[in-house]
Amino acid sequence: MLATKSFSDLDLLCPQCSDIYCLPVILICGHNVCRVCLYKFWEVRRCRNCPVCGTESSSGMPPINLDLQSAVKGFQERIVAEDPEKCSLHHEKLKIFCSKDEEPICLVCQISQQHKIHKCCPVEEASLIKKAEMADLLDGLKRKVKIMTKTLLQWEETKTYLKTQSSQIETAIKEEFKKLHQFLFDEENSRLRVLKQEEETKTQIMSHKIKTIEEHIKYLSSTISDMDKVLLEKDLPFLKAYKETKKKTKSSIPEPECVRNILLNSSKHLGLLDYEVWHKMMNIVKYTPVILDPNTAHANLKLLQGLTGVRYSNKLCLPDNPERCTSRMCVLGANGFTSGKHSWTVDVGQGKDWYIGVARDSIKRKSTVFYSPADGFWVIGYCSKDSVWAQTSPRARVSVRKNLEKITVELDCDKGKVVFINDADSSVIHTFKEKFSETIFPYISVGLCDNWKNASPLKICPLTLKVNKE
């Protein structure tokens, strides 16, 4: 291993700037100079001579003197170790703070080429400013940790709720299929009973006919036997019995009838069986054009079976997910609309406090917001004072000729219209006109109720299903 060349403290000073070397380069003549000092000297003199002896250097880049650089680094580390408050270059107290390089420097450093154009201030002043900055950063980090901790708890709750929600959905699915299974089971038994009844009826008919023809065969067989005996008699006895025997041959027993339609009606029992059962199933299957999204419902709302209705309830333990509305007792539809015409009818029943209509996807769900088109709501409402209001800006009271029980909402995304119609007399309650720029969702809100068990639900009315055959 080559021994590292030793340098005295004087050897560590640049002959050009008299400071400790900063990236010393070695010239052809053997002299060392700071690289920055050398380039400035060459630039001013417009030559490539050594600043010490004047010897002309080569046209290439002078190499860094690694041994000298290592010695400089060791010297600086030793100075810092001996007195951390002194400059490693000038052995002066670190009384100045360079804002540009964000490091403490000495007074000599401040007037050096490296720092003389930088903004500087006393260490004490800089310390106060930087501590204040650091305190702000620390507060920001603490706030971030607090937010992240709160989010972590919410996510843990969501993770736990996922199992509960899955169990609830699984139970609901099983209940629905249980109904379908029960319907199919009852329909199967009903059809088997009809089949069995037809079998018993036609079997009874055939048994009766078989019994009748057996009696006829027995009677005729007896007649044939008597005639055989008469034919064996002598002439006189034969002739004496002839008249009576002849009467027996002329009995009124008819020919066997042709029994039609006696077989089971297979076409009735098997023909289009799946279609007939499905068609009958339409009487128990309900279709609504809008279903509600439980993930957007306020914790005090309970959705009815099939997600087609909602009512005020006791508070449920639900995660505060981003989609959930917490500022109002409301729920959004599961599917939004961006184009075309859509309509649905809401049965408000005996409810005395409700709002129905549509809302855009970007409505504020966690903070207080007013019903208005500017805030993304196109709704009408009914309050306990028997007043119906269109939530315009400002809101406008509307009159209705007949009591509101069912209200149809007609949404035309392309023309930008929301029309509310009273089903009692088909009169238009109110019409909103707006140019929609994002997804629009059905919106339902219910009022508070002192006794949630007596709360009146709001329900989406099912449509009448028809089968078109082509």
Side-chain angles (χ1 to χ4, degrees), residues 289-290 292-293 296-298 301 310 312 323 325-333 335-449 456 458-461:
V290 168
L292 305 177
D293 184 1
T296 66
H298 190 279
L301 296 183
V310 61
Y312 182 78
E323 302 83 7
C325 299
T326 58
S327 60
R328 287 187 178 271
M329 298 290 172
C330 65
V331 61
L332 299 178
N335 298 314
F337 310 111
T338 56
S339 62
K341 295 180 179 180
H342 311 274
S343 68
W344 58 94
T345 301
V346 182
D347 185 350
V348 297
Q350 303 301 316
K352 294 296 183 181
D353 191 1
W354 48 258
Y355 291 93
I356 63 172
V358 298
R360 65 189 179 203
D361 187 26
S362 62
I363 59 171
K364 295 180 180 179
R365 308 190 184 200
K366 308 298 181 183
S367 56
T368 303
V369 63
F370 296 100
Y371 285 132
S372 71
D375 291 318
F377 296 91
W378 296 269
V379 299
I380 63 172
Y382 186 80
C383 66
S384 57
K385 296 181 180 180
D386 297 334
S387 300
V388 180
W389 298 86
Q391 296 301 126
T392 52
S393 183
R395 67 174 187 165
R397 186 171 180 174
V398 296
S399 59
V400 292
R401 293 191 294 269
K402 291 190 176 182
N403 290 337
L404 293 176
E405 292 184 359
K406 293 182 179 180
I407 303 172
T408 296
V409 183
E410 292 185 349
L411 169 66
D412 190 331
C413 295
D414 301 326
K415 293 185 177 180
K417 291 174 61 177
V418 184
V419 183
F420 297 86
I421 300 173
N422 186 355
D423 271 25
D425 56 5
S426 299
S427 61
V428 175
I429 303 171
H430 186 76
T431 299
F432 287 97
K433 292 185 178 180
E434 185 73 33
K435 186 177 181 180
F436 301 121
S437 58
E438 59 181 275
T439 306
I440 302 299
F441 288 85
Y443 181 91
I444 293 181
S445 175
V446 301
L448 302 176
C449 184
S456 179
L458 272 65
K459 297 180 288 186
I460 308 294
C461 297

Close side-chain approach of Tyr312 to Leu458, heavy-atom, < 4.5 Å = no
message = Among residues at least two apart in sequence or on other chains, which ones pass side chain to side chain donor-acceptor pair (under 3.5 Å) with Ser372?
response = Asp375
Inter-residue atom distance Tyr382.OH - Ser387.OG, 0.5 Å rounding = 8.0 Å
ask   = Between the side chain of Ser427 and the main-chain N/O of Asn422, is any donor-acceptor distance below 3.5 Å?
value = no
message = Restricting to salt bridge (Lys or Arg N to Asp or Glu O under 4.0 Å), what partner residues turn up for Arg365, sequence neighbours left out?
response = Asp361
message = Could you measure the distance from the CG atom of Leu332 to the CG atom of Leu292? Nearest 0.5 Å is fine.
response = 9.0 Å
query = So do the side chains of Pro442 and Phe337 get within less than 4.5 Å of each other, counting heavy atoms only?
reply = yes
ask   = Is there a side-chain contact between Val419 and Val428 (heavy atoms, below 4.5 Å)?
value = yes
query = Between Phe420 and Trp378, is the gap from one ring center to the other below 6.0 Å?
reply = no
Would you give me the side-chain donor-acceptor pairs under 3.5 Å for residues 398-411, sequence neighbours excluded?
{"unit_1": "Thr408", "atom_1": "OG1", "unit_2": "Thr345", "atom_2": "OG1", "d": "2.8"}
{"unit_1": "Thr408", "atom_1": "OG1", "unit_2": "Asp423", "atom_2": "OD1", "d": "2.7"}

inquiry  = For a quick test of reading the model, state the closest non-hydrogen atom pair linking Thr296 to Val331 and the distance between them.
reply    = OG1-CG2, 3.5 Å
remark   = Residues at least two apart in sequence or cross-chain that pass ring-ring contact (aromatic ring centres under 6.0 Å, His included) with Tyr355, listed by chain then number, are Tyr371
task = For the residue pair His342 and Pro289, establish whether any side-chain heavy-atom pair is separated by less than 4.5 Å.
result = no
query = Trp344 and Gly357: which non-hydrogen atoms are nearest, and at how many Å?
reply = CZ2-O, 4.0 Å
query = Taking C-beta and beyond as the side chain, do Ile440 and Thr338 meet within less than 4.5 Å on heavy atoms?
reply = no
request  = With the side chain counted from C-beta on, respond yes when Arg328 and Tyr443 share a heavy-atom pair under 4.5 Å apart, and no when they do not.
outcome  = yes
inquiry  = Evaluate Ile429 against Ile421 for side-chain contact (heavy atoms from CB on, under 4.5 Å), listing each step before the verdict.
reply    = CA-CA 5 Å; Ile429 303 171; Ile421 300 173; 5.9 Å; no
key: Test item: Ile380 and Ile356 side chains (from C-beta on) under 4.5 Å apart, heavy atoms   = yes
key: By ring-ring contact (aromatic ring centres under 6.0 Å, His included) - contacts of His430 (at least two apart)   = Phe432
Determine all donor-acceptor pairs shorter than 3.5 Å in which one atom belongs to a side chain in residues 388-396; sequence neighbours excluded.
{"unit_1": "Thr392", "atom_1": "OG1", "unit_2": "Pro394", "atom_2": "O", "d": "2.6"}
{"unit_1": "Thr392", "atom_1": "OG1", "unit_2": "Ala396", "atom_2": "N", "d": "3.4"}

task = To the nearest 0.5 angstrom, please state how far the CG atom of Asp347 sits from the OG atom of Ser456.
result = 8.0 Å
note = Nearest heavy-atom contact between Cys330 and Cys325 is SG-CB, 3.4 Å
task = May I have the step-by-step check of side-chain contact (heavy atoms from CB on, under 4.5 Å) for Val446 and Asp353, ending in yes or no?
result = CA-CA 6 Å; Val446 301; Asp353 191 1; over 6 Å; no
message = My understanding is that only residues two or more places apart in sequence, or in another chain, count here; which of them pass side chain to side chain donor-acceptor pair (under 3.5 Å) with Asp414?
response = none
key: Spacing of Ile363 atom CD1 and Glu438 atom CD [to the nearest 0.5 Å]   = 9.5 Å
query = Roughly how far apart are Lys433 NZ and Lys417 NZ, rounded to 0.5 Å?
reply = 6.0 Å
request  = Please identify each residue that fulfils side chain to side chain donor-acceptor pair (under 3.5 Å) with Lys366, with sequence neighbours left out.
outcome  = Asp320
note = Closest non-hydrogen atoms of Asp412 and Lys341, given as atom of the first, atom of the second and distance, are OD2-CE, 3.3 Å
remark   = For Ala359 and Phe377 the tightest heavy-atom approach is CB-CD2, 4.0 Å
message = According to side chain to side chain donor-acceptor pair (under 3.5 Å), who are the partners of Asn335, at least two apart in sequence or on a separate chain?
response = none
ask   = Of the non-hydrogen atoms in Ser327 and Lys364, which two are nearest, and what is the gap between them?
value = OG-O, 4.2 Å
